[in-house]
Amino acid sequence: MGAHGSSIKNLPVSKDVQAYIESGIEKDLFKNRAGSNFHEVINPASGEVMLSVPDSTETEVDRVISNARQQVDSGDWARWSPYQRQSALMRLADLIEKNADFLAELEMVNTGKLRRVARNIEVGASVEYVQYMAGWPTRIGGETLPTSIPAPEGKRWQAHTNREPIGVVGAITPWNFPFMMAIWKIIPALACGNSVVIKPSELAPLTTFKLIELIQEAGIPEGVVGLVTGGAQAGSYLTQNNGIDKLTFTGSTQTGKSIAHAAADRIIPCTLELGGKSPVLVLNDADPEAAAKTIAELVFLHSGQVCVAGTRIYVERGIYEDFADAYSAVVSGMKVGNPEEESTQIGPVQSKAQLERIENYLQESLSEGASLAAGGDPVNSAGFFVNPAVVVGSQQTSRLMREEIFGPVSALFPFDGLDEGIRLANDSDYGLAASIWSNDLSRINYLIPRLKAGTVWVNAHAILDPTMPHGGYKQSGIGREHGSTLIEHYTQLKTVCMLT
Ligand code: NAD
């Protein structure tokens with residue numbers, strides 16, 4: 001077990017962020033809520049309750065959806081040209097950039113994410129995402145169809161397709177990258193002319209509240225993006241409402257199944273971005289030290305609470321010992337602590353429940369005969385910290401190797417030859433992503449088509465870009481996000497056939 005960090009307390013929060021959080025209690029949304037179920041929003045680094053957020057009632061959800069419907073059917077939004085949508089999205093990108101430090105700090109206090117990760121990866125990348133999506137409204141079109149239907153004398157058949165907005169999109173997001181996930185849901189839907197009703201996670205809703213304010217500041221008509229707050233109860237009011245034309249969900253596979261049922265009941269489309277247990281394959285020709293250093297940084301990004309986290313690390317036998325030594329040394333030296341400090345590498349996990357879950361997985365694995373090559377011990381703190389863990393000697397059939405833990409826990413496993421590596425990598429209910437660490441092109445090219453994963457990285461992991469489709473095989477989801485896939489997701493295809 002490594003000796004990391006110390007106790008973490010008294011996190012400094014800027015006056016602006018403090019005032020914003022306090023003003024949250026005054027939001028109309030939270031007033032007169034006798035009888036509502038409230039959820040505590042906690043700073044994971046200090047364990048302190050910042051505010052409580054109620055479950056929206058069924059009547060409120062209905063009202064928010066009706067407003068969104070009015071906008072997309074007959075409101076100002078329905079009359080906006082693609083150029084107006086493009087300009088508004090560009091204004092929004094500017095506003096996010098202008099507020100980036102504030103948003104990053106708000107995200108840090110609500111998720112425990114390192115300030116620099118919140119600033120550079122989550123908020124910074126979201127600016128580019130919105131800019132990229134702003135290019136789409138003016139590029140979405142249909143096609144002319146080469147029909148050969150016989151026409152009466154003097155007449156002509158003409159057929160073409162139009163792409164139309166789907167209508168009201170119901171979006172539900174998780175707590176790990178709440179700002180980025182809200183952006184990934186709302187922005188492509190708006191680019192295609194839809195309206196959106198979003199429910200962020202009850203654990204981390206703060207940056208979504210702010211995003212909706214910025215959307216209005218960017219000039220997008222009120223009601224086009226509506227907000228529902230709370231947890232499963234409010235989420236189910238949203239998914240079951242007849243006013244929703246499409247569901248888009250990012251979260252756990254378990255919840256994803258109930259979203260899919262709700263979509264099936266009403267025969268509406270749904271996009272599901274679900275859990276993962278992504279394999280990392282390190283081949284014999286890789287430099288064990290260099291690979292160990294980079295992989296460790298990527299596995300423990302946001303304390304391992306990343307859907308694509310490469311938590312199953314399979315290392316070819318020839319370099320297994322060298323890699324295991326180097327990797328365990330890097331992980332043992334990682335600094336756990338205050339997410340505000342530049343030198344911190346690992347912040348807290350999101351909640352006490354998450355911390356206990358991680359401890360349970362580790363205990364069970366140790367009781368089954370595995371051992372810890374690094375970390376795994378909790379940090380004495382009012383916040384939710386655990387030292388990053390390297391587990392060796394676990395069974396491929398163990399829960400630790402098969403279930404998504406969503407915490408700073410990785411497991412090392414040796415393999416012999418590419419076919420065994422493929423078998424182990426694919427031996428999972430999930431299929432979100434995988435990575436290969438090698439410079440041997442023929443071996444890389446043997447692996448790529450055989451890996452059952454929505455994304456395969458080579459000498460990289462967890463690299464995402466607005467142009468690159470993202471989504472999973474198997475129980476990691478249905479559909480893809482990003483790039484041109486927005487057209488499939490967020491428009492209806494209408495065929496027009498005319499005799500003139
Ligand atoms: P979760 O499934 O517990 O909750 C996700 C959201 O669903 C929350 O907003 C929650 O309030 C809501 N919800 C819960 N029950 C509901 C119900 N019955 N009806 C409607 N809404 C309901 O997931 P989480 O713990 O917030 O997030 C972690 C999960 O998200 C992990 O499994 C992770 O892999 C996944 N994730 C996937 C991706 C991806 O792109 N594939 C990205 C980020 C996170």
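Order of listing sets the numbers, starting from 1, for every ligand and every atom in it.
- Remark: ligand 1 and W175 share an N or O pair separated by less than 3.5 Å (distance only, no angle test).
- Heavy atoms of H470 approach ligand 1 to within less than 4.0 angstrom.
- Classification of the H482-H470 ring pair by plane angle, with boundaries at 30° and 60°, yields parallel.
- Heavy atoms of G231 come nearer than 4.0 angstrom to ligand 1 in at least one pair.
- Remark: distances from the non-hydrogen atoms of I259 to ligand 1 include one below 4.0 Å.
- When the heavy atoms of S252, G235, G276 are ranked by distance to atom 20 (C) of ligand 1, first place goes to G235.
- Taking the six-membered ring where tryptophan is involved, the planes of H461 and W457 are tilted, since the angle between them lies from 30° to 60°.
- E404 has no carboxylate O lying under 4.0 Å from a charged side-chain N of R399, or vice versa, which leaves the two without a salt bridge.
- Here D427 pairs with R402 in a salt bridge; the nearest charged N to carboxylate O distance falls below 4.0 Å.
- Using a 4.0 angstrom heavy-atom cutoff, S236 counts as in contact with ligand 1.
- Considering only non-hydrogen atoms, atom 14 (C) of ligand 1 lies nearest to T255 out of T255, L203, L274, L272.
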Verdict with supporting geometry, C270 and I268, side-chain contact (heavy atoms from CB on, under 4.5 Å): CA-CA 7 Å; C270 72; I268 58 170; over 6 Å; no
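- Between F177 and ligand 1 there is no heavy-atom distance shorter than 4.0 Å.
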